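Read through the structure below, which is laid out as structure tokens, and then see the notes.
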Number of protein chains: 2
Amino acid sequence: MGPMPDPKRDTYHHGDLRHAIILSALEILDADGVDAVSIRAVARRAGVSHSAPANHFRDRGALLTALAVHLFHALNEKIESDFASAPSNLRERVQSFTRMLIDFGLKQPNRYRLLWRRDLLDDTDGQLQTEMDTLYDRLADEIHRVGVGKRFDRDTYAVALWSMVHGYVSLRLDGNLESRIDPRSGTKRQDAIIEAFLDAFAT
Amino acid sequence: MGPMPDPKRDTYHHGDLRHAIILSALEILDADGVDAVSIRAVARRAGVSHSAPANHFRDRGALLTALAVHLFHALNEKIESDFASAPSNLRERVQSFTRMLIDFGLKQPNRYRLLWRRDLLDDTDGQLQTEMDTLYDRLADEIHRVGVGKRFDRDTYAVALWSMVHGYVSLRLDGNLESRIDPRSGTKRQDAIIEAFLDAFAT
DNA sequence: TTGTCAATATGGACACTGTCTATTTACAAC
DNA sequence: GTTGTAAATAGACAGTGTCCATATTGACAA
């Protein structure tokens, strides 16, 4: 009804509000966590009315899902580009992969956490599924290439590694675990558990 | 102001509202997940005014923390009692322990999830810390008794197992993983990853 | 140039929520 | 009995997601 109350904009239509909203949401996510990412807060930061986002996102879930897709995509691209200059050693490739995931989680807690908050995201979103599958397939591929034991199915080893990585990051982010150097090997604990895993499972 | 609007109660004071609130909260948690556990919803179910719980719980975080303590305590007690009739074989003890944790998580998703929602709980609560430590110490104790490799610190193996268990349950609950039988060994996947872990790390 | 229509943006409204406040009730200790 | 305290009450406030009617814009057809 009222004409353009926002000083930062001289046109009624924003132009690329969808993108602007995602960026605003990301800033709020980084700063104050996912709980602070409300539609109204994002709209305020983007300088639009509280109901403008509804034109681009059905509800809060759709907004968070789009944000998650954005983050997954960036992560997958980074992994892909880092692997372009591929490490030679297959074990090092796995270590490199898991280190990327763990570092991402530890350095960007709010981003990492959002990626797995299925309760907040839209399970039926195709893009989200695609990005998640891409990440998982990459992990499974690397662990399979390095070779695993014969007692169990190949997927079992992939699931075991995936579980360990995700569980470790989750426990660290929740404050249930401290950053430590493994006193016997002198390596970081997050590297040690992966190394121990490879020691054990890799052929 | 108004005198006793609740038909289910004939005394102004409830008697043991604190306990009743925790039970109501648990029912709502089981039925609709933690998001549905609002102070007002719990109060409604307990048949008291929306602000009655404030006399027993500072805020929603305190309520959820008390609920988590309740659940942790019950879990720890069950584990302790199950271990009274202790399995003889040390490896079986570990398998028994992790199976209890994993089964608990898979059968009571909302309860399990709450236990690790540090963002919703009060980190500074002493009881909560105690219960969590009890659980972790039990796990670490069992994995240490079974014996682990020598390349890394003992805690590294405990953290690795803990991470794997927690990660597996988390992934399953989030729908990122399906219940499967390991086709090579014929055992459940959740048993297979633990068995593989023990194969590898245990001396 | 004009008209129409869909997309986009606006603000008001509603039912929730957590939390704060003042007030009432009940009980226990003096 | 009086008094004090714990435990309950209703009311209020700001914030939320979401729905709704309305206003604005730009593009495309006539």
Side-chain angles (χ1 to χ4, degrees), chain A residues 1-25 28-29 31-67 114 117 119-122, chain B residues 1-25 28-29 31-67 114 117 119-122:
Chain A
M1 300 197 169
M4 293 161 291
D6 176 32
K8 286 179 287 182
R9 188 162 37 101
D10 53 352
T11 57
Y12 186 85
H13 287 298
H14 181 284
D16 192 7
L17 183 54
R18 188 190 150 86
H19 193 231
I21 283 176
I22 290 185
L23 291 186
S24 298
I28 296 176
L29 176 70
D32 300 315
V34 72
D35 285 351
V37 182
S38 73
I39 288 182
R40 292 170 112 102
V42 169
R44 273 193 299 273
R45 176 168 288 246
V48 294
S49 78
H50 69 268
S51 45
N55 292 304
H56 303 274
F57 305 99
R58 197 182 340 104
D59 52 22
R60 181 169 182 255
L63 167 59
L64 293 179
T65 301
L67 183 51
L114 174 62
R117 285 296 297 275
D119 57 331
L120 299 180
L121 305 179
D122 177 10
Chain B
M1 298 193 171
M4 292 162 287
D6 176 33
K8 285 179 291 183
R9 188 161 38 102
D10 53 352
T11 55
Y12 186 87
H13 286 299
H14 182 284
D16 193 6
L17 183 53
R18 187 191 152 86
H19 193 230
I21 284 177
I22 290 185
L23 290 185
S24 298
I28 297 176
L29 175 71
D32 299 315
V34 70
D35 285 351
V37 182
S38 72
I39 287 182
R40 292 169 110 103
V42 169
R44 273 194 299 272
R45 175 167 286 246
V48 294
S49 77
H50 70 269
S51 44
N55 292 304
H56 302 274
F57 305 99
R58 197 180 342 105
D59 52 22
R60 182 170 181 255
L63 167 59
L64 294 179
T65 300
L67 182 52
L114 173 62
R117 285 296 298 274
D119 56 331
L120 299 179
L121 305 179
D122 177 10

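Just so it is clear, the structure is predicted and the values come from calculations on it, not from any experiment. Below, chains carry the letters A, B, ... as their sequence lines are ordered, and counting in each starts from 1.
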Set of residues satisfying side-chain contact (heavy atoms from CB on, under 4.5 Å) with respect to Ser38(A), sequence neighbours excluded: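 For Ser38(A) the side-chain contact (heavy atoms from CB on, under 4.5 Å) partners, ignoring immediate neighbours, are Arg40(A), Ala41(A).
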
Under 4.0 Å between any heavy atoms, over every strand shown, what does His56(A) touch: base, sugar-phosphate, or nothing? Just pick one.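 The answer is sugar-phosphate, as His56(A) gets under 4.0 Å only of primed atoms, P, OP1 or OP2.
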
Using atom names, set out every protein N or O paired with an N or O of nucleotides 13-15 of chain D below 3.5 Å, distance rounded to 0.1 Å.
none

My understanding is that only residues two or more places apart in sequence, or in another chain, count here; which of them pass side-chain hydrogen bond (donor to acceptor under 3.5 Å, both in side chains) with Asn55(A)?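 Testing Asn55(A) for side-chain hydrogen bond (donor to acceptor under 3.5 Å, both in side chains), a comparison that skips the adjacent residues, returns none.
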
Ile22(A) vs Phe57(A), side chain to side chain contact (heavy atoms under 4.5 Å, CB included): CA-CA, chis, key distance, verdict: CA-CA 10 Å; Ile22(A) 290 185; Phe57(A) 305 99; 3.9 Å; yes

Could you check how far [atom1] of [X] sits from [atom2] of [N], rounded to whole Å?
X        : N       : atom1 : atom2 : result
Leu64(B) : dG18(C) : CG    : C1'   : 12 Å
Arg58(B) : dG18(C) : CZ    : C1'   : 14 Å
Arg18(B) : dA8(D)  : CZ    : P     : 12 Å
His19(B) : dA7(D)  : NE2   : C1'   : 18 Å
His50(A) : dT16(D) : NE2   : P     : 11 Å
Phe57(B) : dT17(C) : CZ    : C1'   : 18 Å
Asn55(A) : dT18(D) : CG    : P     : 14 Å
Leu17(B) : dA7(D)  : CG    : P     : 9 Å

Any donor-acceptor pair, under 3.5 Å, between the side chain of Ser51(B) and the base of dA10(D), if you only look at N and O atoms?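 Such a pair exists between side chain and base.
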
Would you find a donor on one side and an acceptor on the other, under 3.5 Å apart, between the side chain of Arg60(A) and the backbone of Val37(A)?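 Indeed, once roles are kept as given, a pair shorter than 3.5 Å links the two residues.
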
Identify the heavy atoms of Ala52(A) and Leu17(A) that sit nearest to each other, and give their distance.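 Heavy atoms of Ala52(A) and Leu17(A) come nearest at CB-CD2, 3.9 Å.
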
Minimum heavy-atom distance Leu64(B)-Leu120(B), with the two atoms named: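 Closest heavy-atom pair between Leu64(B) and Leu120(B): CD1-CB, 4.0 Å.
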
Between Ile21(A) and Ile39(A), is there a side-chain heavy-atom distance shorter than 4.5 Å?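 Of all side-chain heavy-atom pairs linking Ile21(A) with Ile39(A), none is under 4.5 Å.
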
Look at the side chain of Arg60(A) and decide which nucleotide, out of dG11(D), dG18(C), dG17(D), has an atom nearest to it.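 Per side-chain heavy atoms of Arg60(A), the pick is dG17(D).
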
